[in-house]
Structures are given as structure tokens and as C-alpha cells.
Amino acid sequence: MPISPQAIRKGDRLSLAKALTAVENGNPESRSILAALFPFTGNAHLVGVTGAPGTGKSTLVNQLAKTFRQASETPPKIAIIAVDPTSPFTGGALLGDRIRMGDLAGDKGIFIRSMASRGALGGLAHATASFATVLDGAGFDLIFIETVGAGQAEVKIAGLAHTVIVVEAPGLGDEIQAIKAGILEIADILVVNKADRPGAENTARALKAMLEMSLVKNGNIPTAGKHLRLSSSEGAVSEQASHQNWETPVQMVTASEGSGVDAVVNQITSHRDFLKQSGGWQEKENHRLQADLKALIQDLLLHRWEQQIGNGPFTEALEKVINRELTPLDAAESLTNL
Amino acid sequence: MSDRKIRVLIAKPGLDGHDRGAKVIARALRDAGMEIIYTGLRQTPDMIAEAALQEDVDVVGLSILSGAHNALVPAVIYKLHENGLDDVKVFVGGIIPEADIPGLLDKGVYAVYGPGTNTQEVAEDIHQAFNPQNG
């Protein structure tokens with residue numbers, strides 16, 4: 001049975017689920033589905049949630065989604081993409097993020113989809129961006145993307161999401177130092193989860209100190225007192241400044257009990273408003289589409305090249321490289337000089 | 001070039017609180033190269049059918065130790081059909097008396113597994129159900 005983009009637009013959940021499968025598997029019909037939905041995209045607020053394994057990402061997403069749904073008269077339609085790792089040995093995956101999201105069952109305004117990383121690096125799966133396109137086109141207002149439990153360099157989410165939440169937990173000790181250079185840099189909101197545990201305040205303090213250092217380094221020394229809120233200066237805002245003028249909040253949360261969650265909900269909303277006002281929203285969209293386009297060109301060129309050259313010359317050249325008769329770069333150049 | 005993976009929802013309907021069996025089978029199927037969505041304890045038939053829909057799974061595996069299988073399993077199957085998931089295959093594992101098995105199969109269950117089942121066997125049955133030529 002063909003999947004109807006019209007049905008997806010009208011909110012048919014089965015069609016949506018089937019479309020996501022088609023996109024994930026790269027089925028032939030995924031192309032026409034994405035094409036039909038693409039004109040309707042660009043409206044959803046994409047919120048990435050990342051952090052080390054076991055810091056409570058799923059529990060936080062569960063609470064955030066619940067709070068957003070209860071917070072207003074016209075609650076946003078929410079989709080959640082939860083990515084977990086695929087085994088490099090068997091290709092199988094155990095996707096367990098739904099366990100923490102039991103509160104959301106029964107709410108037809110929420111759609112949760114688990115996704116295996118299928119060998120992709122960077123904390124997301126290859127098709128995660130396309131999932132976001134489908135869900136955006138399907139009319140979801142807010143899309144949470146929970147990454148694989150991430151270490152230092154899994155920062156792909158920063159290229160996809162408008163707002164990135166990095167979740168930390170106390171007790172990771174010196175690792176706080178270690179991750180300074182990687183994942184913390186992409187945070188728009190920092191959450192110290194499990195705030196009821198000893199050491200949470202130390203973790204929060206260390207994170208704040210780190211943020212203050214980077215503020216000074218960028219020449220953006222806060223002038224409005226200790227608690228710099230984003231400056232609400234009206235009028236034109238220079239484009240380059242759009243990211244730097246946001247001060248990353250550090251929020252203590254106990255997601256299992258829901259404390260601190262309201263504050264994070266407000267921060268997500270303020271960050272969206274900030275991006276819209278500063279031009280950062282458009283900037284991020286442009287960046288993302290540019291990266292998408294480049295990646296697609298790479299894929300297409302590679303595919304065409306493979307079809308054109310066939311297997312023979314490649315194996316031949318590879319053999320020469322293995323025998324040290326040709327450098328890899330020379331081989332690549334001769335193979336691509338068609 | 002489609003890269004199709006068998007997706008399996010493992011769920012525990014009802015009130016019994018022992019999910020070791022469910023975890024063992026989830027792990028075994030993962031090792032057999034499938035993508036397993038594990039939903040945890042105390043799921044209602046509604047929750048299971050909704051998760052199966054959102055996740056677009058091929059198989060729903062129900063683990064039941066409470067003795068309530070004759071009530072819960074048909075309820076899950078009914079809800080799956082209500083959601084339009086007519087092709088989803090339902091497997092049941094747990095403490096199921098011999099005498100109840102024909103009745104469950106009659107209601108549309110694909111297979112029933114008792115204690116001591118070799119997990120390999122379950123994985124092979126699932127592969128068989130989807131790729132008969134590879135089985």
C-alpha cells in the first residue's frame with residue numbers, strides 16, 4: 001500500500017510511522033514522501049538533548065514533553081526521536097528510551113519514535129535529519145531529538161537542532177574537565193540532572209565557571225550584573241552576534257521528580273524567541289540546509305562515480321596502493337580523472 | 001538499496017513485575033541482528049498497540065507470567081487491529097499452560113514459548129516468518 005503524504009499532513013499516525021520506516025530504510029518511495037512534505041517544513045522547533053549515558057536524557061525529555069503539553073491552552077504537538085546505538089557486531093539494537101516515557105502514552109498529541117544509530121557516528125543516525133523533515137512536514141510544532149549517550153565529540157546534533165540541551169549529572173568528577181572542549185561548547189542550555197544527589201551543586205558551579213571563562217574569552221564580558229539575561233535591545237541585531245549574545249543557563253533539575261523542569265521549559269521557549277529575534281533561527285536553518293546539500297552531493301557523486309568506473313579499476317588501484325607502488329592520493333586522483 | 005531491519009516490540013502487559021525473561025529475549029534478539037524496542041513493565045493493551053504503531057514494528061513479543069494471558073493477549077491483538085496493524089505478528093512467552101495454547105493461536109498469536117525455550121529458536125522463527133528463504 002503506497003504511503004500518502006496527504007494522510008500524513010492530516011495527522012494519520014499509521015501513515016506517518018510507515019513513512020519514517022521508508023525513510024529510515026532508504027526505500028524508493030521515501031524520496032517522493034520527503035519531496036511532498038518538504039514545502040511544509042521549517043516551522044518546527046528542533047530541540048536536541050544530549051549527554052553521557054545514564055545522565056537522565058530520556059527521563060528529562062519525558063518531563064519536558066509532559067510539561068509543554070500541560071502548560072498552555074493550545075499545547076504544541078510534540079514528536080520525540082530517540083536514538084540508541086546499534087551493535088557494531090550484530091547490527092542489532094536495544095532501544096530502551098521509551099521505558100522512561102511511559103507518562104506520555106495515551107496522549108495523541110505526542111509521537112515517539114525510537115531509532116537505531118545503524119553505524120552512524122556523531123550521536124545520530126544517518127536518517128535522523130530526514131526524520132525531522134518528515135515530522136516537521138507532518139505538522140509537529142516541537143521535535144525533541146535525543147541522541148545516543150554521547151561522550152566528547154558527538155556534536156552532530158548541533159548542526160541539526162535549533163536548541164541544544166546538554167545533560168550532565170553529578171559524580172562524573174574529573175570528566176567534567178575532559179568534556180569542556182567538546183560537547184559543552186554546543187550547549188544552549190546546560191542541565192545538571194539528579195540535583196538531589198550529593199555533588200550536584202559542585203557540578204553546576206564548575207559548569208558556570210567554565211561558561212564565564214568562555215564569555216570573557218569572546219570579549220562578551222557581562223555588563224548587566226552577575227545574572228546576564230539576554231539583552232532585549234530592540235531593532236536590528238548583527239548576525240554574527242546572534243549566537244554569542246545568548247548566555248547559556250545552567251539549570252539544576254531532578255527529572256525523576258520533575259523539579260526544575262518548568263525552568264527548562266521556559267529556557268527552551270526563550271531560546272526560540274531569542275533565535276527568532278536575533279536572526280539566529282534563519283542562520284541555523286541556512287547552515288543546516290547547506291550541510292545537507294553538500295552531504296547529498298557527496299553521496300550522489302560517489303554513487304555516480306561507482307556506477308561509471310565499475311569494480312575493475314578500483315581493485316587494480318587498490319592493489320597498487322597495498323603494494324606501496326602508488327600513494328592513496330595518486331590512486332584517488334587517477335581514479336577520479338574520468 | 002533498502003536496508004530492512006526486523007523491528008520487534010517487547011512488552012509486558014499486566015501487573016506482574018518480573019521482566020527478566022523479557023530482557024533475556026530482548027538481548028537474544030538484539031544479538032540476532034534485530035532492532036528491539038523495550039517498553040518496560042505494566043503496559044496496558046492500549047499502550048502496547050500505540051507503541052507498536054509509532055514504532056512501526058514487525059513483531060510484538062508479549063511476556064506474561066501472571067496467568068492473565070487469556071484476557072490480555074486477545075485485548076492486545078484487538079487493539080493492534082484497531083490501529084490498522086494487521087500484519088504485525090504476535091509472539092507470546094511466559095508461563096502459559098499447555099491447554100491454553102491452542103486458544104491463543106486461534107486468537108491470532110503466531111507462536112507461544114514456555115520456560116526453557118532456546119532463545120535461538122525464537123530468533124530463527126522470527127527470521128523464518130519474514131524471510132522464508134533465509135530461514
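The sequence lines fix the lettering, A, B, ..., with proteins before strands; numbering per chain opens at 1. Everything numeric in this text was worked out from a predicted model, so none of it was measured.
- The residue among A/Arg98, A/Lys18, A/Arg100 with the most heavy atom pairs within less than 4.5 Å of chain B is A/Arg98.
- Within the model, atoms CE of A/Met115 and CZ of B/Arg7 stand 8.5 Å from one another, a figure rounded to the nearest 0.5 Å.
- Listed by sequence position, B/Met47, B/Glu50, B/Ala51, B/Leu53, B/Gln54, B/Glu55, B/Asp56 are the residues of residues 41-64 of chain B in contact with chain A, using a 4.5 angstrom heavy-atom cutoff.
- Judged as a salt bridge (Lys or Arg N to Asp or Glu O under 4.0 Å), not a single pair has a partner in residues 299-313 of chain A (not counting sequence neighbours).
- To the nearest 0.5 Å, the span separating OG1 on A/Thr86 from NZ on B/Lys5 amounts to 6.0 Å.
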Next on the checklist: Run A/Leu95 and B/Tyr38 through side chain to side chain contact (heavy atoms under 4.5 Å, CB included) and show every step you take.
Outcome noted: CA-CA 6 Å; A/Leu95 313 174; B/Tyr38 184 57; over 6 Å; no
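- Evaluation of the salt bridge (charged side-chain N to carboxylate O under 4.0 Å, His left out) rule for A/Lys57 yields no partner, not counting sequence neighbours.
- Closest approach of B/Glu35 to A/Ala116, counting heavy atoms only: OE2-CB, 3.2 Å.
- A/Asn311 CG: 12 or fewer foreign heavy atoms inside a 6.0 Å radius.
- Distance CG/B/Leu29 to OG1/A/Thr90: 11.0 Å, rounded to 0.5 Å.
- With rounding to the nearest 0.5 angstrom, the CD1 atom of B/Ile37 is 9.5 Å from the CG atom of A/Leu94.
- Residue B/Leu15 places its CG atom among 12 or fewer non-hydrogen atoms of other residues, nucleotides or ligands, all under 6.0 Å distant.
- At a 4.5 Å heavy-atom cutoff, A/Ile80 makes no contact with chain B through either its backbone or its side chain.
- By the 6.0 Å contact criterion, CG on A/Leu302 is enclosed, its count of non-hydrogen atoms from other residues, nucleotides or ligands being greater than 12.
- Qualifying salt bridge (charged side-chain N to carboxylate O under 4.0 Å, His left out) partners for A/Lys10, counting only residues two or more places apart in sequence or in other chains: none.
- Within 6.0 Å of NE2 in B/His18 there are 12 or fewer heavy atoms belonging to other residues, nucleotides or ligands.
- Crowding of B/Asn118 atom CG: a count of heavy atoms from other residues, nucleotides or ligands under 6.0 Å exceeding 12.
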